[in-house]
2 protein chains.
Amino acid sequence: MRLVIARCSVDYAGRLSAHLPLATRLLMVKGDGSLLVHSDGGSYKPLNWMSPPCTLAESEPDEEQAAGGITQVWTVTHKKTADRLIVKIHEVLHDSAHELGIDPGLQKDGVEAHLQQLLAEQIERLGDGYTLIRREYMTAIGPVDILATDEAGASVAVELKRRGDIDGVEQLTRYLELMNRDPRLAPVRGVFAAQEIKPQARTLAEDRGIRCVVLDYDEMRGVDSGHARLF
Amino acid sequence: MRLVIARCSVDYAGRLSAHLPLATRLLMVKGDGSLLVHSDGGSYKPLNWMSPPCTLAESEPDEEQAAGGITQVWTVTHKKTADRLIVKIHEVLHDSAHELGIDPGLQKDGVEAHLQQLLAEQIERLGDGYTLIRREYMTAIGPVDILATDEAGASVAVELKRRGDIDGVEQLTRYLELMNRDPRLAPVRGVFAAQEIKPQARTLAEDRGIRCVVLDYDEMRGVDSGHARLF
DNA sequence: TCTTTTATTTCGGTT
DNA sequence: AACCGAAGTAAAAGA
């Protein structure tokens with residue numbers, strides 16, 4: 001990511017045409033070549049931008065532009081549409097580049113993690129007499145989301161998903177196979193818990209003796225009183 | 001505007017619906033205290049953000065957090081909704097501040113401006129014998145979008161909108177009232193022209209003797225051949 | 001086929 | 001009237 005603070009004017013031609021008069025702004029060039037033009041206020045939305053896939057070309061100003069105080073011209077062209085963003089730079093006040101790497105940023109992880117936290121707090125949703133042993137119980141092939149015991153004290157491994165798909169059942173199956181080889185744990189039964197369970201996944205799970213539990217996320221959130229609510 | 005590149009994780013307090021795992025990101029602190037968290041890819045939309053009005057507080061990590069590698073904690077609190085964004089910073093790779101000043105803002109030469117231009121060129125869409133007098137005809141309370149004369153030579157004030165709402169009818173009514181006091185112009189009739197006119201607006205307009213005209217933007221564009229098209 | 005993302009959207013709610 | 005952000009949207013893109 002490259003960050004440039006510059007006095008510039010910007011023109012956009014595409015779905016509509018728009019113009020930004022000369023002012024000092026932040027130009028954010030992302031790794032994929034996309035460009036965001038931000039001011040020091042307003043909303044999270046840039047003043048103007050070009051979405052990927054696009055290419056940025058830097059060029060020298062022509063004589064007329066140079067006479068007008070323009071020191072460089074950026075032309076950002078969209079690869080599929082004819083959209084174009086033209087940045088006329090008068091003065092560069094800051095210019096730095098940074099390696100950020102790819103972002104794991106998934107909102108899904110948030111919901112899944114929250115579901116895990118909620119189910120750990122409300123483990124009785126799996127059945128009366130259930131007790132939480134541990135979240136993220138580590139095995140040789142990865143962490144089991146939740147390990148619990150049922151009313152008889154037998155181990156139960158819980159695989160948690162937002163959307164219960166076949167992949168999740170396979171994953172849980174692998175954990176169960178491994179854990180059932182450990183005499184300190186065996187016998188371990190499986191519970192496949194999700195907000196929504198696909199019919200194919202349910203069929204496969206039940207065929208393997210894995211119980212399916214559909215979780216009501218909103219209801220679980222409503223019950224949750226572990227910490228002060230903001231709303 | 002302050003720009004920080006940091007390895008950080010981000011959480012909403014209360015609802016974990018948006019958790020961002022540890023990664024290197026751009027933290028953009030705008031002059032109004034609002035915060036934008038950007039990754040090096042994706043859309044123009046930040047991964048997460050807090051809109052103004054809000055305040056940013058920097059604090060030291062507690063012992064547990066420090067043991068986990070957190071060097072500082074930013075808490076961004078919304079002033080009205082109690083929304084909270086918590087940024088746990090592990091490592092700061094860049095930190096710079098810049099004075100940008102206020103931005104003059106985006107000039108959209110979008111649909112409304114284009115509609116005005118097109119209607120000026122195709123003024124006969126209002127009726128046979130219509131003649132354009134002037135675009136942006138200035139009055140004491142602001143410019144009338146289009147001033148024309150009808151087949152009988154009487155003045156017609158046109159208010160142009162993309163979406164014809166009640167506000168637009170009120171605006172035109174004020175113009176008409178003012179212009180009809182001017183003996184050089186009076187009598188002036190009104191035309192409310194828009195791509196789409198809401199029923200309430202139409203009712204109000206017709207009740208006041210203002211004619212409503214729905215414009216077909218695409219059709220008008222098709223006729224237009226004044227300059228090269230992008231699509 | 002189905003799921004996720006974007007839109008320089010469109011809309012309503014709020015200064 | 002302007003601004004902002006969500007979206008019983010919608011359409012395109014991606015997997």
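What you are looking at is a predicted structure, and each value in this text was computed from that prediction instead of being measured. When reading the values below, keep in mind they use all heavy atoms of this one structure, side chains included, and skip hydrogens, waters and symmetry mates. In what follows, chains carry the letters A, B, and so on, assigned in the order in which the sequence lines appear, proteins first and then strands, with residues in each chain numbered from 1.
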- Could you tell me the separation between the CZ atom of B:R162 and the C1' atom of C:dG12, rounded to a whole number of Å? 14 Å
- How many Å lie between CG on A:D32 and C1' on D:dA13, as a whole number? 15 Å
- Query: Atom CD of B:E196 to atom C1' of C:dC11: distance rounded to whole Å?
  - Reply: 10 Å
- Whole angstrom is fine here: how far is it from CG in A:L85 over to P in C:dA7? 13 Å
- Message: From CD of B:Q200 over to P of C:dC11, roughly how many Å is that when rounded to an integer?
- Response: 14 Å
- Pairwise 5' ranking along DNA chain D for A:K80 and A:G41, keeping only the more 5' one: A:G41
- With rounding to whole Å, what would you report as the distance between D:dT9 and D:dG5 at their P atoms? 23 Å
- Item | Spacing between B:D165 atom CG and D:dA2 atom P, to the nearest angstrom | 13 Å
- Rounded to whole Å, the CG-P distance (A:L47 to D:dC3) equals 11 Å
Could you list the donor-acceptor pairs under 3.5 angstrom formed by side chains in residues 189-205 of chain B, with sequence neighbours left out?
{"residue": "B:R189", "atom": "NH2", "partner": "B:D150", "partner atom": "OD2", "Å": "2.5"}
{"residue": "B:R202", "atom": "NH1", "partner": "B:E206", "partner atom": "OE2", "Å": "3.3"}
{"residue": "B:T203", "atom": "OG1", "partner": "B:P199", "partner atom": "O", "Å": "2.9"}

Kindly list each side-chain donor-acceptor pair under 3.5 angstrom involving residues 133-144 of chain B, sequence neighbours excluded, with atom names and distances?
{"residue": "B:R135", "atom": "NE", "partner": "B:Q116", "partner atom": "OE1", "Å": "2.9"}
{"residue": "B:R135", "atom": "NH2", "partner": "B:Q116", "partner atom": "OE1", "Å": "3.4"}
{"residue": "B:E136", "atom": "OE2", "partner": "B:Q116", "partner atom": "NE2", "Å": "3.1"}
{"residue": "B:T139", "atom": "OG1", "partner": "B:I141", "partner atom": "N", "Å": "3.2"}
{"residue": "B:T139", "atom": "OG1", "partner": "B:G142", "partner atom": "N", "Å": "3.3"}
{"residue": "B:T139", "atom": "OG1", "partner": "B:G142", "partner atom": "O", "Å": "2.6"}

- Message: Quick check for you: among C:dA7, C:dT10, C:dT3, whose closest atom lies nearest to any side-chain atom of B:Y44?
- Response: C:dA7
- Message: Using a 4.0 Å heavy-atom cut-off, does B:K45 contact any base of the nucleic acid, only the sugar-phosphate backbone, or nothing at all?
- Response: nothing
- Message: So B:R174, base contact, sugar-phosphate only, or nothing? Heavy-atom distance under 4.0 Å.
- Response: sugar-phosphate
- Task: Determine: side-chain N/O of A:K198 to OP1/OP2 of C:dT3, distance under 4.0 Å, yes or no.
- Result: yes
- Task: Look at the side-chain N and O atoms of B:R163 and state whether any lies under 4.0 Å from the OP1 or OP2 oxygen of C:dC11.
- Result: yes
- Side chain of B:W49 - closest among D:dC4, D:dA6, C:dA7: D:dA6
- Any side-chain donor near an acceptor of the partner, A:R174 and A:Q171, under 3.5 Å: no
- Query: Is a side-chain donor-acceptor pair under 3.5 Å present for A:S96 with A:R2?
  - Reply: no
- Query: What's the closest nucleotide to the B:K161 side chain, out of C:dT10, C:dA7, D:dA1?
  - Reply: D:dA1
- Centres of the A:H38 and B:H98 rings: under 6.0 Å? no
- Task: Using only side-chain N and O atoms of B:S43, determine if any of them is under 4.0 Å from OP1 or OP2 of C:dT5.
- Result: no
- Message: From CG of A:L36 over to P of C:dA7, roughly how many Å is that when rounded to an integer?
- Response: 11 Å
